[in-house]
Amino acid sequence: MIAEDTLAGILARLCPMHLLVDDSGVIRRVGPTLQKLRPETPMPGQRFLDLFDLTRPRKVGCFADLLTGEGKLGVAFRDAPHTALKGQIVPLPGGAVIDLSFGISLIDAVRDYALTSADFAATSLAIELLYLVEAKSAVMGEYGQLSRRLQTARISAEEQAFTDTLTGLKNRRAMDHVLTRKAASGMPYSVMHIDLDFFKQVNDSLGHAAGDHVLQQVARILVEETRQEDTVARVGGDEFVIVFDNLTDRPRLRRIAERLIDRLQQPMLFQGRPCAISASIGIAPSVEQPLVSPAGLLRLADLALYDAKHAGRSTLRFATPRPAEPAWTRPAAGKDGETAPPSAVSGRDS
Amino acid sequence: MHGLVNRAIQSFVTDTYGPDRWRRVTEAAELGDFEFEAMLIYDDAVTEALLAAFCADLGRSRGEVLEDLGTYLVSHPSVEALRRLLRFGGDSYVDFLHSLDDLNDRARLAVPDLHLPALDLREEGAGRYTLACGPGMPGFGWVMMGILRAMADDYGALVLLEHHGPHADEGADDEADEVIAVTLIESAFAAGRAFDLGARAG
């Protein structure tokens with residue numbers, strides 16, 4: 001039989017958090033690292049169960065009961081800090097060896113007790129675990145920063161984008177570019193401004209998902225009813241603009257607008273429920289306003305749309321030819337210094 | 001080349017020589033106004049162009065510049081995390097030297113797509129060691145020279161280092177190993193810097 005001193009010497013190196021206890025549960029020897037956790041209270045001479053609370057197994061009548069089971073232990077110091085330890089108890093003649101380990105509480109324990117690598121057995125994976133935790137948090141930190149930068153880049157890319165993400169149509173920025181190019185090219189074109197009627201009611205009664213669905217259906221119809229070379233843009237919540245390339249003929253534009261209104265009035269189903277909308281349309285062909293800039297033409301189409309709205313919705317209006325670049329604009333609430341157009345009907349809700 | 005390596009070069013240039021120098025170097029390397037992301041992968045040619053431009057700008061050899069980079073990686077406060085990770089290699093400079101055998105595995109454990117050259121430490125006796133750097137990053141041996149020197153300071157050890165093998169400026173033959181001869185004259189020459197296991201680097 002190996003002498004206790006020899007055994008304790010071996011255990012101190014292999015299992016620096018071991019305890020040698022006698023069969024009544026009194027500690028006879030303690031590993032250097034375990035003792036380091038309570039430098040003021042020498043452990044030898046104390047009862048194991050006075051020093052530690054058992055969390056596994058829970059129901060133990062006396063210390064000897066620990067020796068009969070599978071020997072897996074969960075314990076925590078009775079005094080603060082209540083570091084939790086896991087362990088294994090193995091019976092010896094006249095007592096037992098208990099080997100303890102920090103388990104997942106390692107990270108806190110290393111900080112709380114200022115442990116160094118010398119406190120762990122040469123074979124322990126504690127240092128590798130600490131290395132991994134630290135390396136992983138450094139890497140996660142880098143990924144976190146990367147995500148934030150990508151998010152910022154995404155926002156700025158969206159701001160610079162030409163596409164309306166909901167409908168896949170061009171957005172207002174893209175339309176402004178198209179209009180600028182039209183003006184430079186000198187080719188005839190027309191601007192059609194479309195505002196949905198009753199869209200707010202759909203949104204309010206059936207929810208935003210229904211509203212989004214309607215906008216997508218509208219976009220599909222506008223694209224189907226126009227040619228490849230025309231530009232279809234969503235320029236506001238439920239406002240759309242079509243720029244017709246090389247097309248200024250009133251009867252043709254009227255037919256297109258009427259067909260659009262007709263199609264948009266067909267109820268669209270969302271989750272089996274009908275969403276009824278319509279559209280008002282204002283049209284401004286460039287040849288009728290030779291001195292007007294693209295932005296001015298857009299304003300004229302807007303004014304015509306305003307007239308259409310007040311004519312009772314689901315209808316279309318052409319812009320009245322103007323002698324020169326007008327300062328008129330739709331009499332929007334809260335904008336100062338703008339002159340209401342002569343044809344505007346005030347006092348009605350648009 | 002992994003973004004971490006590129007980012008390390010960028011931090012080295014900006015922390016040591018200032019952000020203006022970084023801009024000048026990226027312009028010279030025809031990268032424009034450029035910053036690396038640590039967690040993305042870049043074409044090796046980008047790293048190559050950058051290093052060439054940086055060495056030309058400083059008017060120093062690539063070996064010297066890479067050795068300075070290695071020193072920076074261990075000693076500059078803004079990369080303190082890396083020094084700590086290296087200190088997990090062991091309690092003494094000798095333990096640290098032995099941990100270099102696992103350096104590429106350790107790196108890969110933390111960042112699976114980071115492939116560092118394999119390192120092979122041989123004990124030659126009487127405090128003499130040789131460290132062979134495997135292929136993959138020409139000039140990595142010079143970076144290791146800087147790391148070994150700065151880590152010796154960190155542990156308070158006194159060492160002599162010699163770089164053998166392909167010179168970094170010749171560059172072309174990246175299959176031949178670079179070998180570093182390490183002579184440990186005294187392992188407790190100075191106090192070194194403290195390493196607290198539980199103190200996470202900010």
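Only this structure's heavy atoms are used, side chains among them; waters, hydrogens and symmetry mates stay out.
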When you look at [atom1] of [X], are more than 12 heavy atoms from neighbouring residues, nucleotides or ligands closer to it than 6.0 Å?
X: Glu70(A); atom1: CD; value: yes
X: Ile104(A); atom1: CD1; value: no
X: Arg28(A); atom1: CZ; value: no
X: Arg78(A); atom1: CZ; value: yes
X: Arg149(A); atom1: CZ; value: yes
X: Lys72(A); atom1: NZ; value: no
X: Lys36(A); atom1: NZ; value: yes
X: Phe189(B); atom1: CZ; value: no

[atom1] of [X] to [atom2] of [Y]: how many Å apart, nearest 0.5 Å?
X: Arg7(B); Y: Glu142(A); atom1: CZ; atom2: CD; result: 7.0 Å
X: Ser117(A); Y: Phe88(B); atom1: OG; atom2: CZ; result: 9.5 Å
X: Glu134(A); Y: Arg87(B); atom1: CD; atom2: CZ; result: 12.5 Å

For Leu132(A), is it the side chain, the backbone, both, or neither that has a heavy atom closer than 4.5 Å to a heavy atom of chain B? side chain
Region of Gln145(A) that comes under 4.5 Å of a non-hydrogen atom in chain B: neither
Would you mind checking which part of Leu82(B) comes under 4.5 Å of any heavy atom in chain A, side chain (CB onward), backbone (N, CA, C, O), both or neither? neither
Interface moiety of Arg106(B) toward chain A, non-hydrogen atoms closer than 4.5 Å: both
Check whether any side-chain heavy atom of Leu40(B) lies under 4.5 Å from a side-chain heavy atom of Leu146(A), and answer yes or no. yes
Contact check, side chains of Leu197(B) and Asp119(A), non-hydrogen atoms, under 4.5 Å: no
Quick one: does any side-chain atom of Lys136(A) pair with a main-chain N or O of Leu109(B) as donor and acceptor, under 3.5 Å? yes
To check you understand the geometry: which heavy-atom pair defines the closest contact between Ala107(B) and Tyr131(A), and what is its length? N-OH, 3.7 Å
Given the options Asp95(B), Leu85(B), Asp102(B), which has more heavy-atom pairs under 4.5 Å with chain A than any of the others? Leu85(B)
